[in-house]
A.B. asks: 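I have a structure here, written as structure tokens, and I will follow up with some questions on it.
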2 protein chains.
Amino acid sequence: MPLAHMALAPMRWSDGVLLVLDQRELPAREVWLGLQSAEDVAVAIREMAVRGAPAIGVAAAYGMALAALRGDYLAAADACMRASRPTAVNLAWALDRMRPLWGSSAARLLEEAQRIEAEDVAINQAIGRHGAALVPQGAGVLTICNTGSLATAGHGTALGIIRTAHEDAKAIRVLACETRPRQQGLRLTAWELAQDGIPFAVIADSAAGRMMATGEVGLVVVGADRIAANGDTANKIGTYSLAVLANHHGIPFLVAAPTSTVDSALPDGASIPIEERDPSELTHVDCHRVAPEGCPVMNPAFDVTPADLIGAIVTELGVHCAPYDFSDLGR
Amino acid sequence: MPLAHMALAPMRWSDGVLLVLDQRELPAREVWLGLQSAEDVAVAIREMAVRGAPAIGVAAAYGMALAALRGDYLAAADACMRASRPTAVNLAWALDRMRPLWGSSAARLLEEAQRIEAEDVAINQAIGRHGAALVPQGAGVLTICNTGSLATAGHGTALGIIRTAHEDAKAIRVLACETRPRQQGLRLTAWELAQDGIPFAVIADSAAGRMMATGEVGLVVVGADRIAANGDTANKIGTYSLAVLANHHGIPFLVAAPTSTVDSALPDGASIPIEERDPSELTHVDCHRVAPEGCPVMNPAFDVTPADLIGAIVTELGVHCAPYDFSDLGR
């Protein structure tokens with residue numbers, strides 16, 4: 001694995017502080033925030049300094065270790081981080097996993113957080129191996145948002161499949177959707193792909209249909225923020241549109257996620273909470289107003305893709321095909 | 001008609017100068033450029049100070065009048081403006097209409113340009129009347145880009161239908177797609193809708209699918225840059241994706257355009273030239289770099305929607321339904 005992969009991780013534990021790479025500053029600047037409490041972690045998640053469903057889970061686990069080290073009230077630490085973002089279930093999954101250790105030493109909580117982090121890298125590498133087998137030689141692979149090392153503990157989910165396919169000499173070319181409003185594709189995925197030397201181009205989200213119609217896309221692969229028991233999947237806003245378009249063009253549509261993204265308590269996607277984020281994400285760019293003053297906005301951060309539009313869901317366990325039944329998996 | 005409509009036009013002839021409202025500066029600032037030659041007009045079109053297929057045609061007609069007034073070589077003026085943007089056929093249509101007058105006085109060319117401008121407003125009002133009859137009471141109406149007064153000589157095409165439906169008390173609510181990369185929906189359509197007091201919200205282009213799935217959209221109406229004889233339609237990038245999504249959800253999809261947008265010489269959409277614009281439209285916002293340095297980009301400005309995804313095409317002549325045959329219409 002090239003050094004770039006090894007080095008690229010969105011957070012690091014260092015001397016009792018959780019260092020988090022501030023993803024709002026990328027790619028212009030590499031700024032590390034030193035988080036010292038669960039409250040700090042909650043703010044970093046809410047304001048998207050750390051983002052990506054698996055990375056949020058890992059950060060929250062470290063947040064519990066920070067709280068234990070400080071002697072803070074653990075139930076309050078848990079509640080504060082749990083409420084920081086509503087859609088990605090990995091956050092609740094990680095906090096649930098830490099809960100039985102509340103009576104243990106701070107060192108034990110830290111060890112568990114480090115284990116969750118290490119497991120996530122191994123899980124992503126397994127997802128990469130299972131998924132890469134489905135990537136056609138020479139394919140154009142379209143993806144959305146950032147699902148790479150920055151969104152996980154390392155390697156990535158959908159981008160992990162792309163990485164492994166590239167390492168397998170599949171001669172792929174990636175089309176990265178810009179991913180409005182926060183431009184994670186343009187800012188983060190482009191940055192990761194360039195570092196790894198994977199051929200790519202960024203497109204406007206609205207150009208995905210044309211790219212499919214003109215034969216540029218052989219496969220769509222996306223991540224997930226929450227997967228219901230029947231396979232319905234919440235992911236970055238725009239994912240559902242890509243699924244409809246892929247089906248219209250007969251292009252395979254894959255979802256990649258660890259089983260910690262499965263919420264088996266939900267029978268289907270209808271009850272997944274969809275976060276509505278601040279209008280300024282659309283109306284402003286870097287504090288600079290683009291829209292007319294007072295412009296009304298609807299800004300859902302996620303949408304739900306029904307299982308019948310998903311060709312396969314790739315987890316660390318393998319490739320799952322329809323009809324999906326995840327009622328015994330995940331949280 | 002409220003005063004706002006009357007006043008809002010993207011250009012004005014004044015004492016031998018074509019004043020053009022610089023749409024790159026809106027909504028932040030109202031800046032008028034004084035164009036004094038066909039070359040000035042060509043630059044304003046290429047750099048999108050003036051934009052929108054019908055408005056481009058009107059500007060080019062005035063450009064020929066400017067050339068005649070200066071005593072410039074008319075064939076060169078024609079060629080220079082004709083090459084300024086490739087996709088919208090209204091540009092060639094207007095220049096073709098001016099050509100028989102090359103031997104006439106400059107005053108006659110100016111009179112013809114003013115006639116084209118006045119006709120365009122009347123045409124748009126006819127489109128508005130024909131189209132508004134198709135708008136359901138209380139509908140959510142989704143649109144893309146700017147097709148309003150700014151994109152035409154006044155009133156607008158798709159936005160003209162929306163305006164007329166609003167005047168008819170149809171109680172509509174507009175969802176305006178942001179329209180990356182240049183954000184005409186967020187900047188221009190939002191500005192026009194706010195001025196007219198039409199209820200609306202701006203959404204990310206990628207949110208269109210979710211809005212359709214959650215019942216927010218009862219009708220999609222878009223403009224056109226070139227319509228082939230069989231009804232295939234080139235329009236702003238993202239239009240094709242909206243058409244696929246609308247069809248998936250059983251939502252009517254309308255195209256609104258004057259017959260000057262029809263290119264009857266083209267049997268279908270396959271041979272419509274699609275402009276690829278500068279990568280900086282995606283990688284930068286107002287000269288500020290967002291993407292990593294050297295980030296590769298594909299930036300087609302238009303896509304082609306096949307006729308079989310279009311429920312109806314509304315021109316000044318009425319409502320045209322499939323199978324479309326425009327071989328006797330337009331240019």
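Labels below follow one simple rule: chain letters A, B, ... track the order of the sequence lines, proteins then strands, and each chain is numbered from 1.
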A.B. asks: Report, in residue-number order, which members of residues 217-225 of chain A are under 4.5 Å from chain B by heavy-atom distance.
C.D. replies: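 The list, in residue order, is empty: none.
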
A.B. asks: Considering only heavy atoms, which portion of B/V285 lies under 4.5 Å from any heavy atom of chain A: side chain, backbone, both, or neither?
C.D. replies: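 Only the side chain of B/V285 comes within 4.5 Å of chain A.
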
A.B. asks: Identify which part of B/I144 has an atom lying under 4.5 Å from any heavy atom of chain A, answering side chain, backbone, both or neither.
C.D. replies: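 Neither; nothing under 4.5 Å.
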
A.B. asks: Using a heavy-atom cutoff of under 4.5 Å, enumerate the residues of residues 231-238 of chain B that contact chain A, numbered in order, or state 'none'.
C.D. replies: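 B/I237, B/G238, listed by number.
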
A.B. asks: Under 4.5 Å, counting heavy-atom pairs only, tell me which of A/E281, A/H249, A/R289 racks up the most with chain B.
C.D. replies: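 Option with the top pair count is A/H249.
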
A.B. asks: Measuring heavy-atom distances to chain A, does B/A291 have an atom under 4.5 Å in its side chain, in its backbone, in both, or in neither?
C.D. replies: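 It is both, since atoms from each part get that close.
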
A.B. asks: What are the two closest heavy atoms between A/L282 and B/L186, and how far apart are they?
C.D. replies: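 Shortest heavy-atom separation between A/L282 and B/L186 comes out as O-CD2, 3.3 Å.
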
A.B. asks: Under a 4.5 Å heavy-atom cutoff, which of A/V290, A/I203, A/I274 has the most pairs with chain B?
C.D. replies: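 Option with the greatest count: A/V290.
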
A.B. asks: Just so I understand: if I count every heavy-atom pair under 4.5 Å between each of B/A204, B/A176, B/P279 and chain A, which residue has the most?
C.D. replies: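 When all of B/A204, B/A176, B/P279 are compared, B/A204 has the most.
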
A.B. asks: As an exercise, state the distance from CD of A/Q183 to OG1 of B/T283, rounded to the nearest 0.5 Å.
C.D. replies: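 That separation rounds to 10.0 Å.
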
A.B. asks: Please identify, among B/G185, B/G209, B/P306, B/S206, the residue contributing the most non-hydrogen atom pairs under 4.5 Å to chain A.
C.D. replies: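 Max contact count across the listed options: B/S206.
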
A.B. asks: Under a 4.5 Å cutoff for heavy-atom pairs, which residue among A/M211, A/H288, A/R187, A/E178 has the most contacts with chain B?
C.D. replies: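 Looking at each option in turn, the highest pair count goes to A/E178.
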
A.B. asks: Where along residues 292-301 of chain A does a heavy atom come under 4.5 Å of chain B, listed by residue number?
C.D. replies: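 Listed by number: A/P292, A/C295, A/P296, A/V297, A/M298, A/P300.
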
A.B. asks: Answer with side chain, backbone, both or neither: which region of A/A194 has an atom nearer than 4.5 Å to a non-hydrogen atom of chain B?
C.D. replies: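 Neither part.
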
A.B. asks: Which bit of B/M212 comes within less than 4.5 Å of chain A, counting heavy atoms only: side chain, backbone, both or neither?
C.D. replies: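 Neither the backbone nor the side chain of B/M212 comes within 4.5 Å of chain A.
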
A.B. asks: With a 4.5 Å cut-off on heavy-atom pairs, point out which of A/V202, A/T179, A/D303 contacts chain B the most.
C.D. replies: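 Looking at each of A/V202, A/T179, A/D303 in turn, A/V202 comes out on top.
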
A.B. asks: Would you indicate whether the side-chain heavy atoms of A/S241 and B/L245 approach each other to under 4.5 Å?
C.D. replies: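 B/L245 vs A/S241: side chains touch.
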
A.B. asks: Between A/L193 and chain B, with a heavy-atom cut-off of 4.5 Å, which part of the residue counts as in contact: side chain, backbone, both or neither?
C.D. replies: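 For A/L193, no heavy atom lies under 4.5 Å from chain B.
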
A.B. asks: Under 4.5 Å from any heavy atom of chain A, what part of B/A28 do you find: side chain, backbone, both or neither?
C.D. replies: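 B/A28 has no heavy atom closer than 4.5 Å to chain A.
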
A.B. asks: Heavy-atom distances under 4.5 Å only: say whether A/L242 touches chain B with side chain, backbone, both or neither.
C.D. replies: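 Neither part; nothing is under 4.5 Å.
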
A.B. asks: Could you give all pairs that pass the salt bridge (Lys or Arg N to Asp or Glu O under 4.0 Å) test and reach residues 203-217 of chain B, with sequence neighbours left out?
C.D. replies: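 Matches after skipping sequence neighbours: B/R173-B/E216.
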
A.B. asks: Output the distance between atom NE2 (B/H248) and atom NE2 (A/H248), rounded to the nearest 0.5 Å.
C.D. replies: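 Nearest 0.5 Å value for the NE2-NE2 distance: 11.5 Å.
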
